[in-house]
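Labels below follow one simple rule: chain letters A, B, ... track the order of the sequence lines, proteins then strands, and each chain is numbered from 1.
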Protein chains: 2
Amino acid sequence: MRENVGRPTIDDVAALAGVSRSAVSKVMNERGGISAKTAAAVREAAAKLKWVPSAAAVALRGARTRSVGMVIARSTDLLAADPYFAVMISGAEQVLAPLGYGLQLHLLGDDPEAEMATYRKLARERRVDGFLLTESRIGDPRFALLRDLGQQAVLIGIPWQDDPQPHVQSAAPLRGVLDTARHLLDLGHRRIAYVSGPDDRVHTVQRREAFVTALRESGVTPTIAGARRFDSLEARTITEDLLRMPDRPTAIVFANDMMALAGMGAAQRAGIDVPGSLSVVGYDDLPIGEWHYPALTTVAQDLAAIGAAAAVALLRLLGEERPGQQPDIPPTRLVIRESTGTAPPA
Amino acid sequence: MRENVGRPTIDDVAALAGVSRSAVSKVMNERGGISAKTAAAVREAAAKLKWVPSAAAVALRGARTRSVGMVIARSTDLLAADPYFAVMISGAEQVLAPLGYGLQLHLLGDDPEAEMATYRKLARERRVDGFLLTESRIGDPRFALLRDLGQQAVLIGIPWQDDPQPHVQSAAPLRGVLDTARHLLDLGHRRIAYVSGPDDRVHTVQRREAFVTALRESGVTPTIAGARRFDSLEARTITEDLLRMPDRPTAIVFANDMMALAGMGAAQRAGIDVPGSLSVVGYDDLPIGEWHYPALTTVAQDLAAIGAAAAVALLRLLGEERPGQQPDIPPTRLVIRESTGTAPPA
DNA sequence: GTGAAAGCGCTAACAT
DNA sequence: ATGTTAGCGCTTTCAC
């Protein structure tokens, strides 16, 4: 019962305005049926008292917490490596905050059990109205769980196997990789390697397949190397292996920028010139890529727009009337910088 | 009134266990005074129904939301550049989650007004029990605001002007920069530049002063360049300017890794060899620094430990009895890698 | 157009 | 040791 000092309740406002509780409630929730004069008095009283409805009381009464949950299960080092989420979240925030919604964030280690338990707990405690889901997985268990829990959720990405899970994604999710293939081909590369991320991610598989297909149409078969994690150490090891091959690739495409940068570092350390002897492409367009020397050619996706779009979609599901326009998410696009160049003469 | 289907209340549990509401409450909150037999029955009933107390009801009743707030006011591009916060948050989460606490995160743009408004709103709505504060600022307005609002808060960093604001910090916050000065001196560097962050941060000023003092003791006066923001573009521009000086520095120390990497890129692009002709030092020890070529010499601080310590301290303030030991935060430490080397002959 | 009254699910003081 | 009861602050019928 700490600090209840000074905190006004709806009754204080009603008293000050000389009206009843329900009048205050109606005014503040814009439910009409109140004379302009009374409404003005109420608003003035509320402002004077700096009264804001208690979230707990509202939630208890109406089963709406105005809070959405997001649980991210990634090891700390992967989190440290990649500013991916922060941008997405800040995009979502732009939509949530104006409507009075908050974001309950849980950053777990890479522990599927704990992850599921967290969803369950948040739902059972009724701490949130719905969830934002990221990193669509093959055989994703979250959709079923959340349906079970009666929770609304919007996935950022492509649901596995056409699951009806509501989701948002870029207007042209594969354009970036397709353009990458084209770009490399145009530069004369024929021995191309693709270092893909963990195979349990839907986008990993889709991008790799799109890339392979695109090359195959030009009669080129890329070397595929799969990392078990989105991991810089693995990127380095794989790159070293690739560069030791007899017919080593003249271009390597990585699943994300961090891996690309690690791979590029490995190549440079081995005395291989980028892009002179080896071209490197990333994915995500992290700011660091632009400042690196040589600057990284990569695929950009508008993470803030994706986060915002997901928030809007979720708010719609939650019955919010003014979540704003469902924003367009720009296509992914290849950003050509310095790390790709003409294939070295055979 | 959505989805109330299936959600059991405390009364359902009481009924199933054949006891009263209060008995259930006492058992679940371990408040004693209940026979072992009854307690067992209650627990079983709760488990069977998968009952978890409604957060809203608990909050309304007891004024404890079991939720802590964190508001971060940074522009999106700075967020994108720097995985700093994610690690700190995941450290805090390790402490919060086991005690049933959640984290309400707000990622705002760099807008002081909006930032203050967010604190106010969160406090007035009673959405959180307290706050975690980051990035201690000169003349920090948050301490007063939160005291005004009757909110508990723990600052991560050093409060401005010995404000009594509760805070946590590394065991030896300046050891890293001191060791950096020593390291550079040992390598024979005498023309040293220090690219500092925005001057409104307490740590920026402290680190710079510690660095300058340490060098001065050896009769060396560093060139100071101040960036207005923690910004890669500025880092690059400043580096270019520095390298154009008649007696250009042989070593540059940056306020953080992202700036250091950007600066190193600028130097390399200008054809300057690192570390042959220029040594570079960062701060933070982001993973990328390790994979970069040359790998970045930098100061490491254990962000996860800092986040965890802050969470423990806050939980203490909130009267939690078992927030765990107040963890030690390891000293900051210099990690010497490839980007620093012997000063080139004069 | 406005007010009175009934809870939402829980905890804690008070009875028994 | 256990049960009864009175709210926490709000929204929402339902009377007036």
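The side chain of Ser54(B) places no N or O atom within less than 4.0 Å of a non-bridging phosphate oxygen (OP1 or OP2) of dG9(C).
For Asp140(A), the salt bridge (Lys or Arg N to Asp or Glu O under 4.0 Å) partners at least two apart in sequence or on another chain are Arg142(A). Qualifying side chain to side chain contact (heavy atoms under 4.5 Å, CB included) partners for Ala55(B), counting only residues two or more places apart in sequence or in other chains: Glu125(A), Arg127(A). For Arg147(A), the salt bridge (Lys or Arg N to Asp or Glu O under 4.0 Å) criterion is met by Asp163(A), not counting sequence neighbours. Evaluation of the side chain to side chain contact (heavy atoms under 4.5 Å, CB included) rule for Ala45(A) yields Val13(A), Leu16(A), Ala17(A) as partners, not counting sequence neighbours. Scored by the side chain to side chain contact (heavy atoms under 4.5 Å, CB included) test, Asp302(A) finds Ala304(A), Ala305(A), Pro330(A) as partners (sequence neighbours excluded). Partners of Asp148(A) according to the side chain to side chain contact (heavy atoms under 4.5 Å, CB included) rule, which considers only residues two or more places apart in sequence or in another chain, do not exist here. For Asp328(B), the salt bridge (Lys or Arg N to Asp or Glu O under 4.0 Å) criterion is met by no residue, not counting sequence neighbours. Remark: Asp77(B) engages Arg229(B) in a salt bridge (Lys or Arg N to Asp or Glu O under 4.0 Å) (not counting sequence neighbours).
Contact check of residues 37-45 of chain A against DNA chain C (heavy atom, cut-off under 4.0 Å) returns Thr38(A).
Atom CG of Leu60(B) is separated from atom P of dG9(C) by 12 Å (rounded to the nearest Å). Taking atom CD of Glu125(B) as the reference point, atom C1' of dC10(D) lies 13 Å away to the nearest angstrom.
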Quiz item: Quick one: what's the B/S/- string for nucleotides 11-16 of chain D, heavy-atom cutoff under 4.0 Å, read 5' to 3'?
Solution: BB----

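Axis angle, first five pairs versus last five pairs of the helix from dG1(C)-dC16(D) to dT16(C)-dA1(D): 40°, rounded to 10°.
Note on residues 18-32 of chain A: pairs passing salt bridge (Lys or Arg N to Asp or Glu O under 4.0 Å), not counting sequence neighbours, are Asp11(A)-Arg21(A).
Side-chain atoms of Ser136(B) come within 3.5 Å of backbone atoms of Ile158(B) as a donor-acceptor pair (strictly under, hydrogens ignored).
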